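Since the model is a prediction, treat every value here as computed from it, not as a measurement.
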Amino acid sequence: MPFKTLLAIAALATVAVAVPATTDATCSKGRTAKNAACCKWFDVLDDIQVNLFDGGECGEETHESLRLTFHDAIGFSLSALVEGKFGGGGADGSIMAFSEIETNFHANNGVDEIVEAQRPFAIKHGVSFGDFIQFAGAVGVSNCVGGPRLQFLAGRSNNSQVAPDLTVPEPSDSPNKIFLRMLDAGFTPNEVVALLASHSVAAQDHVDESIPGTPFDSTPGTFDTQFFAETMLKGTLFPGDGPNDGEVLSPLHGEFRLQSDAAIARHPLTSCEWQSFVTDHDTMIKKFTAAMAKLSTLGHIPALLTDCSEVIPTPKPPKVKKATLPAGKTNKDIEGACGATPFPTLATDPGPATSVAPVPPS
């Protein structure tokens with residue numbers, strides 16, 4: 001299907017609208033909420049910060065929870081809906097409700113672990129799977145220094161159907177294939193770039209299983225612009241036993257690079273948007289937050305949900321807002337891709353050549 005047609009279809013996607021305040025309520029531990037329906041989420045927050053996120057860390061469970069928000073929601077097709085077919089329920093929790101089916105989809109390899117880790121919390125607190133997945137993702141990323149405070153709307157039901165297969169893009173897919181799939185879910189190529197800011201706190205476990213926990217940039221646990229800068233460095237090595245399907249050369253020892261990240265960073269449709277985030281943390285956060293608001297409400301009418309965003313903690317501010325080059329690299333190691341604007345000159349970190357440690361499992 002051509003881009004122009006999909007862009008027209010994408011215009012049908014819903015835009016998140018906050019429900020106006022209705023009631024001031026006193027919740028547990030003296031906390032307050034504008035809507036009493038949000039009080040229970042403070043209790044969920046207390047539980048998962050201790051028992052899922054290891055006391056509020058930005059670690060393995062955070063990036064896996066953030067990944068799960070995408071894998072659950074992206075099972076959604078606007079063109080199928082227009083044709084009168086079931087295109088998936090979007091962010092409806094089906095990946096947890098039908099985990100024995102959906103986690104066996106090839107693109108969902110590895111998400112079974114976080115699904116099984118999260119399910120008991122949703123059942124314990126009597127909240128829907130769809131709500132819990134999006135809430136856990138928002139709470140997890142709030143534990144990352146420099147991260148966004150994401151919107152959280154509650155009220156998804158537990159009525160879902162199995163999402164269709166082949167709706168989750170894979171790292172071995174070409175940029176055009178990824179853009180077309182994402183357009184069919186309502187996202188422009190630039191919004192794809194915004195969503196990939198999540199890779200600043202991500203790590204791989206299953207593309208190269210010989211080196212689980214391998215991060216995508218040199219500052220794991222920090223939601224910053226380093227990912228966008230380091231993806232533009234020339235690749236020189238494989239950190240494990242690569243090459244593997246979906247992997248390309250990385251610039252640093254211990255750092256992993258997905259094929260799709262490298263290709264989207266250099267694609268003519270997205271290279272300038274990608275480069276713009278290298279020196280603009282605030283814009284990166286703003287655009288990521290907007291794209292996540294759309295993602296988290298796919299398949300729903302946001303105005304019918306309850307805005308409980310106030311429950312999401314406020315992240316610690318970033319230490320720096322502009323990327324640097326890892327020690328041992330210079331601007332000569334950058335593969336510039338944006339034809340409209342030269343790549344910015346970045347300072348190089350002092351010290352010996354950078355080597356990145358894996359993200360330890362919890």
Pair Arg156 + Asp72, salt bridge at N-O below 4.0 Å: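 No, no charged N to carboxylate O under 4.0 Å.
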Is it true that Asp173 and Arg181 make a salt bridge, defined as a side-chain N closer than 4.0 Å to a carboxylate O?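 So Asp173 does not pair with Arg181 through a salt bridge.
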Could you check if a side-chain atom of Thr348 sits within less than 4.5 angstrom of a side-chain atom of Thr324, using non-hydrogen atoms only?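 Side-chain contact under 4.5 Å: no.
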Gln161: side chain to side chain contact (heavy atoms under 4.5 Å, CB included) partners, not counting sequence neighbours: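 Scan of Gln161 (side chain to side chain contact (heavy atoms under 4.5 Å, CB included), adjacent residues dropped) gives Phe86.
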Under 2.5 Å between SG of Cys27 and Cys38: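 No; the two sulfurs sit 2.5 Å or more apart.
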Give the intermediate values and the outcome of side chain to side chain contact (heavy atoms under 4.5 Å, CB included) for residues Gln226 and Ser200. CA-CA 7 Å; Gln226 281 298 123; Ser200 67; over 6 Å; no
Around Asp245, counting heavy atoms of other residues, nucleotides and ligands shown, do more than 12 lie under 6.0 Å from its CG?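 No.
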Please say whether more than 12 non-hydrogen atoms of neighbouring residues, nucleotides or ligands are located less than 6.0 Å from NE2 in His253.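 At most 12 heavy atoms, drawn from other residues, nucleotides or ligands, come within 6.0 Å of this atom.
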What orientation do Phe216 and His199 show, parallel under 30°, tilted 30 to 60°, or perpendicular over 60°?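 Plane angle between 30° and 60°, so tilted.
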Could you tell me how the ring of Phe179 sits relative to the ring of His267: parallel (under 30°), tilted (30 to 60°) or perpendicular (over 60°)?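 Correct class here is perpendicular.
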Are the side chain of Ser65 and the backbone N or O of Thr62 linked by a donor-acceptor pair below 3.5 Å?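 Absent.
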Could you go step by step and tell me if Glu209 and Asn244 meet the side-chain hydrogen bond (donor to acceptor under 3.5 Å, both in side chains) rule? CA-CA 10 Å; Glu209 297 193 5; Asn244 295 280; over 6 Å; no
Mind jotting down which residue pairs meet the ring-ring contact (aromatic ring centres under 6.0 Å, His included) criterion with at least one end in residues 24-54? Sequence neighbours excluded, please.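 Every ring-ring contact (aromatic ring centres under 6.0 Å, His included) pair that includes a residue of residues 24-54, provided the two are not neighbours, is Trp41-Phe135, Trp41-Phe152.
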Same apolar cluster (I L V M F W Y, side chains within < 4.5 Å links), Leu346/Phe277: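 The answer is yes; both residues are in one hydrophobic cluster.
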Please table the atom pairs, donor to acceptor, closer than 3.5 Å between any side-chain atom in residues 89-98 and protein atoms at least two apart or in another chain.
unit_1	atom_1	unit_2	atom_2	d
Asp92	OD1	Ser94	N	3.0
Asp92	OD1	Ser94	OG	3.2
Ser94	OG	Glu102	OE2	2.7

Starting from the C-alpha separation in whole Å, work towards a yes-or-no answer on side-chain hydrogen bond (donor to acceptor under 3.5 Å, both in side chains) for Asn176 and Ser174. CA-CA 5 Å; Asn176 285 344; Ser174 70; 5.6 Å; no
Please name the residue in the list Leu269, Thr231, Val193, Leu258 that meets the side chain to side chain contact (heavy atoms under 4.5 Å, CB included) test with Ile264.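 It is Val193; the other options fail the test.
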Answer with yes or no whether the side chains of Ser309 and Asp307 bring together a donor and an acceptor at under 3.5 Å.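 Judged by distance alone, the side chains do pair up.
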